[in-house]
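Just below is one structure, and these are the notes that go with it.
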There are 2 protein chains.
Amino acid sequence: MSVFLEKIASRGYKITPPRRLILKVMEEKKVPLTAEDIAREIKKERPEISLATVYRNLNLLVEMDLVNKFHGGGEAALYQLSWEHEHYMICLICGKVINLTFCPLKEEINDVALQYDFMIKSHYFQINGYCGACKQKSGIGG
Amino acid sequence: MSVFLEKIASRGYKITPPRRLILKVMEEKKVPLTAEDIAREIKKERPEISLATVYRNLNLLVEMDLVNKFHGGGEAALYQLSWEHEHYMICLICGKVINLTFCPLKEEINDVALQYDFMIKSHYFQINGYCGACKQKSGIGG
DNA sequence: CCTCTAAATGATAATAATTCCTATTTAGAT
DNA sequence: ATCTAAATAGGAATTATTATCATTTAGAGG
Ligand SMILES: [Mn+2]
Ligand SMILES: [Mn+2]
Ligand SMILES: [Zn+2]
Ligand SMILES: [Zn+2]
């Protein structure tokens with residue numbers, strides 16, 4: 001059983017077909033997906049699963065910190081498994097996501113935290129811009 | 001005339017009462033605001049200005065890179081003037097904000113952007129944690 | 001295995017955020 | 001002062017997300 005399903009079970013939540021499928025889809029596609037993306041994919045196997053169930057479960061997964069929720073170019077939120085501490089660059093036009101292989105937060109921040117007696121619990125970083133393809137299409141100077 | 005209005009004019013856009021007021025509100029309140037926040041404030045002086053106009057102009061300002069758009073905890077997008085390129089640490093309990101005197105984004109990011117032919121347009125950064133006072137009150141290990 | 005029940009779901013209504021539409025107004029160029 | 005493209009007001013439409021509620025079901029306990 002996947003580590004995600006185990007965590008769900010260990011917290012007393014039930015392992016249901018929608019939950020299995022949502023996690024399967026997110027594991028297979030590695031990129032951030034909207035709730036609709038996930039619902040569309042799931043419906044290929046189980047058309048009766050409703051979008052509301054996808055939203056409900058994504059919210060649960062976010063609350064359990066198993067999934068990260070953030071916004072790219074579009075209006076709909078993006079969801080991605082939080083295997084690890086990750087950061088992205090996001091194209092404001094096509095929504096393409098480039099995962100960073102390192103944390104772009106300067107270590108210097110720890111000095112400031114110490115100085116103010118501030119305990120850093122989490123950080124969120126979002127880098128917006130234009131991917132190569134969209135730059136060309138829209139004639140933005142590169 | 002404010003630097004924002006000048007930029008608007010220099011690009012051939014007209015300087016209108018809604019545009020003046022939107023910028024005035026954003027300059028006065030320094031914190032990120034939703035479109036509704038801005039509309040509500042503006043309506044105190046000019047009740048006839050419509051929410052749609054606020055959205056239209058915020059989109060224009062974002063496109064012109066004069067305003068940053070991002071999402072916080074809630075559903076609605078947040079908007080903030082981008083002239084003061086600033087970052088904060090925010091206490092999750094009392095909301096205290098500590099301004100950083102430097103940008104905590106590693107310069108290394110530029111190498112990655114170059115590598116992927118990605119043009120960085122803006123970045124949003126939030127550091128959450130507990131301030132000294134709240135740490136003590138709630139007995140969180142420091 | 002059965003039974004039972006709280007948890008979860010599906011279908012759909014409701015809400016909230018944002019964009020679209022169109023008749024009317026207006027900023028600013030001439 | 002005149003003119004016109006740009007901008008606006010007001011409201012409808014569209015999306016994203018959440019709420020409601022009748023029905024189903026996962027999994028605990030016998
Ligand atoms: Mn990081
Ligand atoms: Mn910065
Ligand atoms: Zn792109
Ligand atoms: Zn605090």
Side-chain angles (χ1 to χ4, degrees), chain A residues 1-2 4-23 25 32-40 42-64 66-79 92-93 95, chain B residues 1-2 4-23 25 32-40 42-64 66-67 69-79:
Chain A
M1 187 158 64
S2 97
F4 294 108
L5 290 176
E6 271 172 20
K7 285 211 177 178
I8 286 173
S10 75
R11 291 232 205 162
Y13 297 112
K14 295 179 177 176
I15 293 180
T16 63
R19 287 178 181 163
R20 283 182 189 282
L21 284 170
I22 289 168
L23 288 168
V25 167
L33 301 167
T34 66
E36 284 249 3
D37 291 337
I38 295 167
R40 192 180 326 111
I42 284 179
K43 278 170 187 289
K44 290 178 185 170
E45 276 191 49
R46 298 280 301 265
E48 77 276 16
I49 291 179
S50 84
L51 180 56
T53 295
V54 173
Y55 271 111
R56 263 191 310 254
N57 283 305
L58 285 173
N59 286 344
L60 177 68
L61 291 166
V62 168
E63 199 182 316
M64 292 178 65
L66 300 181
V67 162
N68 281 2
K69 174 184 179 179
F70 56 93
H71 279 79
E75 197 48 43
L78 298 172
Y79 299 87
L92 291 167
I93 295 176
Chain B
M1 186 159 65
S2 97
F4 296 107
L5 291 174
E6 272 173 20
K7 284 211 178 175
I8 286 172
S10 77
R11 291 232 204 160
Y13 297 113
K14 294 178 179 177
I15 293 180
T16 63
R19 287 175 181 166
R20 283 182 190 282
L21 284 169
I22 289 167
L23 288 168
V25 167
L33 301 168
T34 65
E36 284 249 4
D37 291 336
I38 295 168
R40 192 181 323 113
I42 283 178
K43 278 171 187 285
K44 289 177 185 171
E45 276 190 51
R46 299 280 301 266
E48 78 276 16
I49 292 180
S50 82
L51 180 56
T53 295
V54 173
Y55 271 110
R56 262 191 312 255
N57 283 305
L58 284 173
N59 285 344
L60 177 68
L61 290 166
V62 168
E63 200 180 316
M64 292 178 66
L66 301 180
V67 162
K69 173 183 181 180
F70 55 92
H71 280 79
E75 196 50 43
L78 296 172
Y79 299 86

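Below, chains carry the letters A, B, ... as their sequence lines are ordered, and counting in each starts from 1. Values below: every heavy atom of this structure, side chains too, minus hydrogens, waters and symmetry copies.
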I'd like to compare against my own output: the B/S/- annotation of nucleotides 12-22 of chain D with a strict under-4.0 Å heavy-atom distance to protein.
----SBBBB--
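C:dA17 atom P lies 15 Å from atom CG of B:Leu33, rounded to whole Å. Spacing between atom CD1 of A:Ile49 and atom P of D:dT25 amounts to 12 Å, rounded to whole angstrom units. Whole-Å rounding puts the B:Leu60 CG to C:dT18 C1' distance at 16 Å. In this structure, B:Ile8 atom CD1 and D:dA6 atom C1' are separated by 14 Å, rounded to whole Å. One interatomic measurement links the two molecules: CZ of B:Arg46 to C1' of C:dT26, which rounds to 12 Å at whole-angstrom precision. The distance from atom CG of B:Asn57 to atom P of C:dT19 is 12 Å, rounded to the nearest whole Å.
A 4.5 Å side-chain heavy-atom check between A:Leu23 and A:Leu66 finds every atom pair outside the cut-off. Between A:Leu58 and A:Val54, some side-chain heavy-atom pair lies under the 4.5 Å cut-off. A 4.5 Å side-chain heavy-atom check between A:Thr34 and A:Leu78 finds at least one atom pair inside the cut-off. Using a 4.5 Å heavy-atom cutoff, the side chains of B:Tyr13 and B:Leu60 are in contact. At least one side-chain heavy atom of A:Leu5 sits less than 4.5 Å from a side-chain heavy atom of A:Ser2. Side-chain contact between B:Leu61 and B:Ile22: present, with at least one pair of heavy atoms (C-beta onward) separated by less than 4.5 Å.
The stretch residues 43-57 of chain B participates, sequence neighbours left out, in these side chain to side chain donor-acceptor pair (under 3.5 Å) pairs: B:Arg19-B:Asn57, B:Lys24-B:Glu45, B:Glu41-B:Lys44, B:Arg46-B:Glu48, B:Ser50-B:Thr53, B:Thr53-B:Arg56.
Interface residues of residues 10-22 of chain A facing DNA chain C, ordered by number: A:Tyr13, A:Lys14, A:Thr16, A:Pro18, A:Arg19; criterion, heavy-atom separation under 4.0 Å.
Crowding of A:Glu36 atom CD: a count of heavy atoms from other residues, nucleotides or ligands under 6.0 Å not exceeding 12.
Applying the 4.0 Å criterion to OP1 and OP2 of C:dA11, one finds that A:Ser50 has every side-chain N and O outside that range.
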